[in-house]
There are 2 protein chains.
Amino acid sequence: MEIKDTIDLLKSRGYRITPQRVAIIRILKDHEGHPGAEEVFRYAIQLYPNISMATVYNVMEVLEKEGIIRAIAVSKNLRLYDSDIKPHSHFICNSCRKVFDIPSNYYEACTKELPLELADFEVDSLELIYKGLCSDCKKTK
Amino acid sequence: MEIKDTIDLLKSRGYRITPQRVAIIRILKDHEGHPGAEEVFRYAIQLYPNISMATVYNVMEVLEKEGIIRAIAVSKNLRLYDSDIKPHSHFICNSCRKVFDIPSNYYEACTKELPLELADFEVDSLELIYKGLCSDCKKTK
DNA sequence: CTGTCTGCAAACCATTTGCAATCGT
DNA sequence: ACGATTGCAAATGGTTTGCAGACAG
């Protein structure tokens, strides 16, 4: 999604377009990958020297709530974000904590063909996460 | 798995069988569901009044490491445990935070037929988590 | 103008840690 | 005995909160 589209989306939902929000949207666009709040903050502070962590968290929460990014619980004290919202699964390395985007035929199958047990539930999202050791960490082991 | 089997497993891996560990293993056996550390602690303190949270965390970590239980990252500050390690997926209610065990045909399919991108990786586990609103919370909404 | 958003610093809280005493083997 | 484990209390660290001032619409 283009930056402008994201901004229009937020505007249409009643959010104010502050320079901090624009900066973070741009950062997420320019740095594909899986940044955490800390990393977003480090980039943001260069575009906007007075920005605070509280604002970063605030903006990330808005973006997540509006379905613009996905949060990934990597481990107890590491939450990363994924600005690619196309259906895909993740691999998390238990050693280096890196997150890999993994295309998965099953991801879409799982969302389309829900288990009977979920018939009465409202299913909003699916997380399909493999964990283990990435190829680099596997060698070093 | 029977309590005795779990104890034998731990013993065979060099762990000491302390009454605290036995108490927690029994608690997990007797209270199916998805308790958190706090809930385990509340039960444990009745069997063993001097037990501390640190010990509960210690034991849960051992059990998780040895594949006897699974940890579920429900939300930022809520981690629950599942003592059922048979292959199945989870549904987490975004409102009441309850965890539901969901049988899933795809869970096993995902583990057996790994995406090509994971060929060089060591895959140790899979999490398949649906999120949304459970039937009760859906009504109240 | 008006109510939302930001930045600061302090608060939060589940989890972890250091360490002396205890206990399993 | 000996080293693993416990319990306590303090520390940790990512995230949240309260609030006064700034600012978008």
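In this text, all values refer to a predicted model and were calculated from it rather than measured experimentally. Labels below follow one simple rule: chain letters A, B, ... track the order of the sequence lines, proteins then strands, and each chain is numbered from 1.
The environment of CD in A/Glu66 is crowded: more than 12 heavy-atom neighbours from other residues, nucleotides or ligands sit within 6.0 Å. Remark: A/Lys131 NZ is packed, more than 12 non-hydrogen atoms of other residues, nucleotides or ligands lying under 6.0 Å away.
As a whole-Å value, the separation of A/Met60 CE from D/dT16 C1' is 16 Å. In this entry the distance linking CD1 of B/Ile45 with C1' of D/dG7 reads 11 Å, nearest Å. Summarising the geometry, the separation between OH on A/Tyr15 and C1' on C/dT4 is reported as 12 Å, rounded to the nearest angstrom. As a whole-Å value, the separation of B/Glu61 CD from D/dA4 P is 16 Å. Spacing between atom NZ of A/Lys65 and atom C1' of C/dT4 amounts to 13 Å, rounded to whole angstrom units. Put simply, CG on A/Asp8 is 12 Å from P on D/dG25, counting in whole angstrom units.
A ring-centre distance under 6.0 Å is not found for B/Phe121 and A/Tyr130.
Nearest-nucleotide positions on DNA chain D for B/Val56 and B/Arg16 put B/Arg16 closer to the 5' end.
Using a distance-only test at 3.5 Å, with no hydrogens or angles considered, a donor-acceptor pair links the side chain of B/Lys29 to the main chain of B/Met1. Looking at B/Arg21, its side chain does come within 3.5 Å of a backbone N or O of B/Arg16 through a donor-acceptor pair.
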Nucleotides 6-15 of chain C: protein proximity per nucleotide (B base, S sugar-phosphate only, - neither; heavy atom, under 4.0 Å): BBB-----SS
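Nucleic acid contact class of B/Pro49 (heavy atoms, under 4.0 Å, all strands): none.
B/Glu64 and B/Tyr81 are not linked by any side-chain donor-acceptor pair at a separation below 3.5 angstrom, with hydrogens and angles left out of the test.
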